[in-house]
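Numbered from 1 within each chain, the chains take letters A, B, ... in sequence-line order. Remember, predicted model here, so these are calculated numbers, not experimental data.
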Amino acid sequence: MKQYITGLESPSSMKRTLIAEIGTNEAILTVCGWVQDIRILKNLSFLVLRDESGVCQVTVKNLEKPFDVASLNRESVILVDGMLVPQSQSKTGKEILASRITLLNAAKVPLPLAPFDKVQADLDTRLNNRFLDLRNPRISSIFRLKSSILWGIRNFLMQNGFVEVQTPKIVASATEGGANLFNVKYFEDEAYLSQSPQLYKEILISAGVGRVFEVGPAFRAEKHNTVIHLNEFTSVDIEMAFADAEDAMRMLEGVVDSAIQNILEANRKELEILGIDLKRQPLPYPRVEFSECLKILGDAGIKHDPEEDLTPEDLRVIAGRYSGFYFITKWPASVRPFYTMPDHENPEFTNSFDLQYQEKEITSGAQRVHDPAMLRSRFASKGLNPEDFDFYLKAFEYGMPPHSGWGLGLERLAMILLGLKNIRECAIFPRDRTRLKP
RNA sequence: GCCCCGAUAGUGUAGCGGCCUAUCAUACGGGCCUGUCGAGCCCGUGACAUGGGUUCAAAUCCCGUUCGGGGCGCCA
């Protein structure tokens with residue numbers, strides 16, 4: 001009674017019906033998917049069959065023996081030929097009376113992770129068995145949403161005249177210092193994995209691209225062990241010519257709003273599965289100067305060195321004043337990279353900004369230094385050797401426009417919009433301090 | 001790099017010196033059940049991360065190792 005695969009019986013997608021489309025087609029149909037649940041009664045058995053579009057119930061009359069249901073394991077892949085039951089009593093709303101069931105591939109028992117168990121597995125167990133974890137729509141919804149977030153971002157940038165580029169991820173020098181880079185062998189040379197496309201974006205501004213963006217991986221060799229850091233993350237980077245920090249901030253809030261708008265329109269189902277109540281936040285997002293943050297901290301009785309970066313504790317206090325997204329602007333030069341433009345009036349501050357969501361930093365951006373002489377002195381003040389950046393500096397010597405830009409952590413944005421507590425949830429195969437597989 | 005915490009069946013947990021022949025749920029195997037849908041009921045299988053030590057006695061206390069969780073620093 002068991003029917004094994006020969007490999008030659010692979011179903012054609014031409015005659016396969018997606019579960020979501022059941023009821024719109026003929027009454028005799030073929031569905032394929034994973035066995036999510038098995039309930040065996042005396043005279044009949046029920047299967048819950050799942051494909052990428054949804055679930056339906058498959059009813060098997062045991063006496064007719066279209067298949068030995070008892071031999072089936074959860075999460076095995078089957079093909080079901082059968083008839084649509086017109087008025088189904090199933091809670092899935094869709095029911096097929098099986099005339100034939102073909103086992104396409106069996107799942108071993110026990111499952112290392114049961115995606116539909118009543119007990120929730122730990123994140124570590126889930127990530128070790130990500131292919132099973134992702135079979136649960138609660139998990140796969142995260143990545144459908146992330147995909148839509150990125151589409152909303154791309155759509156907005158394309159509409160605003162940006163060109164998408166791909167810059168190298170194997171690079172010869174650091175963008176902001178040397179400590180946090182992964183080494184790679186590049187034939188006879190020493191190379192690194194790129195921590196940011198910053199230098200290339202700026203060179204492209206000199207190249208006359210005008211508005212440029214990139215979505216790509218960024219690598220940070222920091223041994224951080226937190227719920228908001230990955231060693232490989234997706235960076236959305238833009239750079240705009242003839243633009244100041246305010247222009248870049250406007251583009252940034254536009255991008256975020258477009259991402260939210262897009263998932264509200266396109267992903268009602270996924271938002272519902274995850275129980276997310278997401279709302280657009282009116283533009284513009286509040287702008288708060290760094291010096292104002294120090295006052296807020298002062299009011300809370302926290303003394304803060306004006307040359308020092310804000311700590312997570314500081315940001316929690318500041319976040320008490322703002323709900324949702326807000327910008328912190330005019331950061332001190334001491335905590336910003338060499339390419340950040342100093343403020344004309346107060347050169348110890350910069351024309352820079354971070355986009356925050358409560359206490360979490362999502363984006364860092366600024367107007368950039370476009371004058372090569374100023375850039376050289378900034379290298380010196382950061383203790384960097386200009387010779388390491390010769391290919392970069394060269395682009396500034398022959399007509400570099402004033403320009404601004406930012407880099408946004410896609411997983412950070414996703415975790416915030418989706419209300420997830422650990423950034424690893426937002427990376428489909430995350431790389432963290434110890435995780436190199438799968 | 002620093003600091004805290006943890007590791008018990010496939011999964012998730014209780015136990016924290018003798019009452020442990022280790023709890024419960026879920027999963028898994030068997031049986032019953034004319035439509036189930038977190039199915040139900042009965043029976044059963046299955047675990048103390050690892051190496052040392054303390055003790056009459058260790059899942060339980062101590063040390064090392066490995067693995068995991070969280071925080072800080074750094075950042076997106």
Separation of [X] atom [atom1] from [N] atom [atom2], in whole Å?
X: A:Asp122; N: B:rG12; atom1: CG; atom2: C1'; answer: 7 Å
X: A:Glu308; N: B:rC75; atom1: CD; atom2: P; answer: 11 Å
X: A:Ile40; N: B:rC28; atom1: CD1; atom2: C1'; answer: 13 Å
X: A:Asp37; N: B:rA27; atom1: CG; atom2: C1'; answer: 12 Å
X: A:Leu97; N: B:rU36; atom1: CG; atom2: C1'; answer: 14 Å
X: A:Asp117; N: B:rA9; atom1: CG; atom2: C1'; answer: 14 Å
X: A:Arg433; N: B:rG70; atom1: CZ; atom2: P; answer: 15 Å
X: A:Lys223; N: B:rG73; atom1: NZ; atom2: P; answer: 19 Å

Has the side chain of [X] got a donor or acceptor atom sitting under 3.5 Å from an opposite partner on the base of [N]?
X: A:His224; N: B:rC75; value: no
X: A:Glu313; N: B:rG71; value: no
X: A:Asp124; N: B:rG68; value: no
X: A:Gln57; N: B:rU36; value: yes

Nearest of [options] to any side-chain atom of [X]?
X: A:Lys42; options: B:rA76, B:rC33, B:rC37; result: B:rC33
X: A:Pro110; options: B:rG10, B:rG73, B:rU36; result: B:rG10
X: A:Glu222; options: B:rC75, B:rG71, B:rG73; result: B:rG73
X: A:Thr226; options: B:rC72, B:rU34, B:rA76; result: B:rC72

side-chain N/O [X] vs [N] OP1/OP2, d < 4.0 Å:
X: A:Lys437; N: B:rC67; answer: no
X: A:Arg74; N: B:rC28; answer: yes
X: A:Ser90; N: B:rU36; answer: no
X: A:Asn422; N: B:rG70; answer: yes
X: A:Lys118; N: B:rU26; answer: no
X: A:Ser235; N: B:rA76; answer: no
X: A:Thr59; N: B:rG35; answer: no
X: A:Arg39; N: B:rC37; answer: no

Next item on the list: Look only at the side chain of A:Arg220 and the backbone of A:Gln195, and say whether a donor-acceptor pair between them is shorter than 3.5 Å.
Entry: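 A pair under 3.5 Å: yes.
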Note to self: Measuring centre to centre across the rings, with the benzene-like ring taken for any Trp, is A:Phe389 within less than 6.0 Å of A:Phe338?
What the structure shows: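 When the ring centroids of A:Phe389 and A:Phe338 are compared, they turn out to be within the sub-6.0 Å range.
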Checklist line | Ring-on-base stacking B:rG35 with A:Phe46 (under 5.5 Å, under 30°) | finding: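 Ring-base stacking flag not set for A:Phe46 and B:rG35.
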Note to self: What contact category does A:Leu123 fall into here, base, sugar-phosphate, or nothing, at under 4.0 angstrom with non-hydrogen atoms?
What the structure shows: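 Here A:Leu123 touches no strand at all.
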Item checked: Salt-bridge criterion met for A:Arg431 and A:Glu232 (N-O under 4.0 Å) ->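 No, this pair does not count.
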